[in-house]
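The next block holds one structure in the form of structure tokens; read it before the comments.
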Amino acid sequence: MSSIPTIPTIDTDILILGSGGAGLFAALHAHQANPNLNITIAVKGLLGKCGCTRMVQGGYNVALAEGDSVERHFMDTIEGGKWLSDQDLAWTLVSKAVERIHELENELGCFFDRNPDGTVHQKAFAGQTFDRTVHKGDLTGIEIINRLAEQVWSRGINRLEEHRAIELIHSKDGKSLAGVLMLNMQTGQFVLVRAKAVLLATGGGPTMYKYHTPSGDKSCDGLAMALRAGLTLRDMEMVQFHPTGLLAGPGTRMTGTVLEEGLRGAGGYLLNGSKERFMGNYDPRNERATRDIVSRSINSEIRAGRATPNGGVYIQMSHLGPENVRKQFKGMVERCADSGFDLANDLVEVVPTAHYMMGGLVFKKDCSTELPGLFAAGEDTGGVHGANRLGGNGVANSTVFGGIAGDAMAHWVATQQLSECNMDEVMASIQEHETPLKQLPGDIESIRDALAECMWDDVGISRTRESLLRASQTLKQLGSQLKQMGVGDIQREYSNTWQDWMNLQNLILVSQAVTQAAIARENSRGAHYRDDFPEPGSLEDSYYTAVNFNNEELKIENRPVQFTMIKPGQTILVEA
């Protein structure tokens, strides 16, 4: 064990963990508030080239068009979230989105698609009463991240690329956050970063499921670190499944990647294995029902034995005209072509795929948390979306709250000093994360596969107490198997095997939180569906689940939702 003085230490005013929409916006806003601040962005991959925002296809929800309103966007968000949202957070999202979209266009130089009259084009997305999704074709995230990254590079903000956050480190007196223990993945060495303020913006990424949309390096690191640091997560049972993940067959990583919601918004059909359109049997909105309903409907068709050859359903676009489809959905047509499918002319197999976590860290609308010095934004946070996120509200969430976090942190650090880190926490974490290097190597891949099967089968689109208790036992076994399994005395630089071990450690812990929260919610709301409790329960008595991790045990508590702006059955819309 290395002695304390040999750990390299970096000091910075603000440390941002993650370089998606939330992290980059926070960096730019903090820099704008005070250009003299020392701001550091740490990212597991390369800045501008990784993270979930870059993968956003569909677009950005914002009330811009004539006839739409912030109030209408708010009601869609609250009703889509089945009345579990923190209403102050939801209002912040919809009202600030208007400001943020102008910032993206006018200050950052994003080009979004236009109507012939020059106004911004907004397309239809499911679960909304108005076409309000701003987009750049079907590759909106690349446009946003490219422009944000350019601005960050031009401002000389510090970057720690290929650095992985390992542990949130408290101050010596335990009253605040003092820094973050990082791992330099290039060298395999630990680095301690002390900061006056830290932003948790690592993104969610439910890659513990067999079919998932985020890239494999996403492993819920932020949520796992928050749990280990004693912080409270909410709504963890609410995992969103996107209805249409590409089903490319076994042996390819393309399976699970999203075929975007705009396909259904534009009039695409879903067909079962018998090539019959089925959504009308489940919801009068047909293919434009919300993601949870469409995912469950597809799941029901599959369970009833009406699946396609690879175990999914078909999406059909050809009736809209192949030329039109190629023009409107260039990115999706190319994505399918890469896997040997012709979206414009033929049927393509799809399957629901784990996409987004509505749950996350409890935080306030200024992005502060219960731990002084720790701020959070984006998919690491809970409360904005409630039980279900509307498509197009995700990138709005990241950029809106990322900007707010940057402003709040710049204000916070003006009165703060760097704190001394609790070195016992640092050394304990290093010891734990070096342990697999001292143990005989085992079959890590088998644990990953078992985790994926367990979460898909038992904590998936439809759940029961029996399946959840079974998952709880499986996860406990997988956790202890991983702890006993090493990676061997391998080269630490760029070690994928060691990284996989750490990814799995975090994924198993967060999977346990999802499972325990799902056991606690004995009703069906939004993304959480219990076959044994199919009713939504009383909306007036709505509660959210809160989970803590103390002494290696997860504790769940149900807390009442505060209807701060509007109660179920009411509306803030004023009909003309």
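When reading the values below, keep in mind they use all heavy atoms of this one structure, side chains included, and skip hydrogens, waters and symmetry mates. Each residue takes its place number in the sequence, starting with 1. Predicted, not measured: the structure shown is a model, and the values here were computed from it.
- Panel note: side chain Gln240, backbone Met357; no donor-acceptor pair is recorded below 3.5 Å.
- No side-chain donor from either of Gln516 and Glu237 sits under 3.5 Å from a side-chain acceptor of the other.
- Checked by atom type, the side-chain pair Thr232/Asn548 shows a donor-acceptor distance below 3.5 Å.
- Remark: Arg559 is not positioned above the aromatic ring of Tyr544, lacking an NZ or CZ atom under 6.0 angstrom from the ring centre and at most 45 degrees off the axis.
- Inspection of the Asp458 and Ser467 side chains reveals no N or O donor paired with an N or O acceptor under 3.5 Å.
- Under 3.5 Å, the side chains of Glu535 and Asn523 contain no donor-acceptor pair of N or O atoms.
- Arg525 contributes a side-chain N or O that, together with a main-chain N or O of Lys82, makes up a donor-acceptor pair within less than 3.5 Å.
- Between the side chain of Glu379 and the backbone N or O of Tyr356 there is no donor-acceptor pair closer than 3.5 Å.
- The side-chain heavy atoms of Arg389 and Arg291, taken from C-beta on, include a pair separated by under 4.5 Å.
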Determine whether Thr129 and Arg72 satisfy the following criterion, side chain to side chain donor-acceptor pair (under 3.5 Å), listing intermediate values before the conclusion.
CA-CA 8 Å; Thr129 57; Arg72 195 167 173 172; 3.0 Å; yes

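- With salt bridges taken as basic N to acidic carboxylate O contacts below 4.0 Å, none links Arg228 and Glu432.
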Give the C-alpha distance, both sets of side-chain angles, the deciding distance and a yes or no for ring-ring contact (aromatic ring centres under 6.0 Å, His included) between Tyr211 and Phe241.
CA-CA 9 Å; Tyr211 302 119; Phe241 291 84; 10.0 Å; no

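- Ring orientation note: the planes of His319 and Tyr269 are close to parallel, at an angle under 30° on the 30°/60° scale.
- Residues Val239 and Pro206 approach most closely at CG1-CB, 4.1 Å, considering heavy atoms.
- A donor-acceptor contact under 3.5 angstrom links the side chains of Asn393 and Thr77, judged on distance only.
- Looking at Thr133, its side chain never comes within 3.5 Å of a backbone N or O of Tyr60 through a donor-acceptor pair.
- Between the CG atom of Asp449 and the CG atom of Asp443 there is a distance of 8.0 Å, given to the nearest 0.5 Å.
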One pair to check against side-chain contact (heavy atoms from CB on, under 4.5 Å): Ser219 and Met502. What are the steps and the verdict?
CA-CA 9 Å; Ser219 49; Met502 288 184 257; over 6 Å; no

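- A salt bridge links Asp221 with Arg164: at least one charged nitrogen is closer than 4.0 Å to a carboxylate oxygen.
- Residues Pro568 and Gln570 have side chains not in contact (no heavy-atom distance under 4.5 Å, counting atoms from C-beta outward).
- Counting non-hydrogen atoms of neighbouring residues, nucleotides and ligands closer than 6.0 angstrom, the NZ atom of Lys476 reaches no more than 12 such neighbours.
- Counting all heavy atoms, side chain and backbone alike, Gly267 lies closest to Leu320 at C-CD1, 3.9 Å.
- Remark: side-chain polar atoms of Glu79 are not paired, donor with acceptor, to backbone N or O of Asp76 under 3.5 angstrom.
- In plain terms, the two heavy atoms of Arg264 and Glu287 that are nearest each other are NH1-O, 2.5 Å.
- In terms of heavy-atom proximity, Met75 sits nearest to Ile572 at SD-N, 3.7 Å.
- Side-chain contact between Phe363 and Val384 is present, with at least one heavy-atom pair separated by less than 4.5 Å.
- Annotation for Arg465: atom CZ does not count as buried by contact number, only 12 or fewer foreign heavy atoms lying within 6.0 Å.
- Judged by distance alone, the side chain of Ser511 and the main-chain N or O of Leu507 form a donor-acceptor pair under 3.5 Å.
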Set out, in order, the CA-CA distance, both residues' side-chain angles and the distance that settles side-chain contact (heavy atoms from CB on, under 4.5 Å) for Lys365 and Thr92, then state yes or no.
CA-CA 7 Å; Lys365 61 184 179 184; Thr92 303; 3.9 Å; yes

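- At least one side-chain heavy atom of Thr244 sits under 4.5 Å from a side-chain heavy atom of Leu270.
- Checking Asn310 against Thr308 by side-chain atom types alone, no donor-acceptor pair falls below 3.5 Å.
- Within a 6.0 Å sphere centred on CD of Glu540, other residues, nucleotides and ligands contribute more than 12 heavy atoms.
- Inter-residue side-chain proximity for Leu231 and Leu374 is flagged as met; some heavy-atom pair is nearer than 4.5 Å.
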Residues Val350, Val313; criterion side-chain contact (heavy atoms from CB on, under 4.5 Å); working and verdict
CA-CA 5 Å; Val350 293; Val313 298; 3.7 Å; yes

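- Looking at Tyr282, its side chain never comes within 3.5 Å of a backbone N or O of Arg296 through a donor-acceptor pair.
- At a threshold of 4.5 Å between non-hydrogen side-chain atoms, the residues Asp235 and His528 do not count as touching.
- Atom CG of Asn558 sits about 11.5 Å away from atom OG of Ser542, to the nearest 0.5 Å.
- Ala226 and Leu200 make their closest contact through CB-CD2, 4.2 Å (heavy atoms, listed as atom of the first residue, atom of the second, distance).
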For a side-chain contact (heavy atoms from CB on, under 4.5 Å) check, start with the C-alpha distance between Leu475 and Cys454, then their side-chain angles and the critical distance, and finish with the verdict.
CA-CA 8 Å; Leu475 291 169; Cys454 161; 4.3 Å; yes

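- At a threshold of 4.5 Å between non-hydrogen side-chain atoms, the residues Asn503 and Lys44 count as touching.
- Donor-acceptor pairing under 3.5 Å is lacking for the side chains of Thr207 and His212.
- The OG1 atom of Thr381 sits 5.0 Å away from the CG atom of Asn397 when rounded to the nearest 0.5 Å.
- For Trp498 (side chain) and His433 (main-chain N/O), a donor-acceptor pair under 3.5 Å exists by modelled atom type.
- One N or O on the side chain of Thr369 and one on the backbone of Leu371 form a donor-acceptor pair closer than 3.5 Å.
- Between Asn388 and Met358, the closest heavy-atom pair is CA-CE, 3.8 Å.
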Thr353 and His242: CA distance, side-chain angles, deciding distance, side chain to side chain donor-acceptor pair (under 3.5 Å) verdict
CA-CA 5 Å; Thr353 177; His242 196 291; over 6 Å; no

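- For the atom pair CE (Met455) and CD1 (Ile508), the distance works out to 10.5 Å, reported to the nearest 0.5 Å.
- Distance OH/Tyr529 to OG/Ser462: 6.5 Å, rounded to 0.5 Å.
- For the atom pair CD of Glu301 and CG of Leu271, the computed distance is 10.5 Å after rounding to the nearest 0.5 Å.
- Heavy-atom neighbours of Leu469 CG from other residues, nucleotides or ligands within 6.0 Å: above the threshold of 12.
- Taking the ring centre of Tyr543 as origin, the terminal cationic atom of Arg521 falls inside the region bounded by 6.0 Å and 45° from the ring axis.
- A salt bridge links Asp531 to Arg303: one of the charged nitrogens lies within less than 4.0 Å of a carboxylate oxygen.
- Counting heavy atoms from C-beta outward, Leu183 and Gln499 have side chains that approach closer than 4.5 Å.
- Under a 3.5 Å cut-off, the side chain of Lys218 and the backbone N or O of Thr202 do form a donor-acceptor pair.
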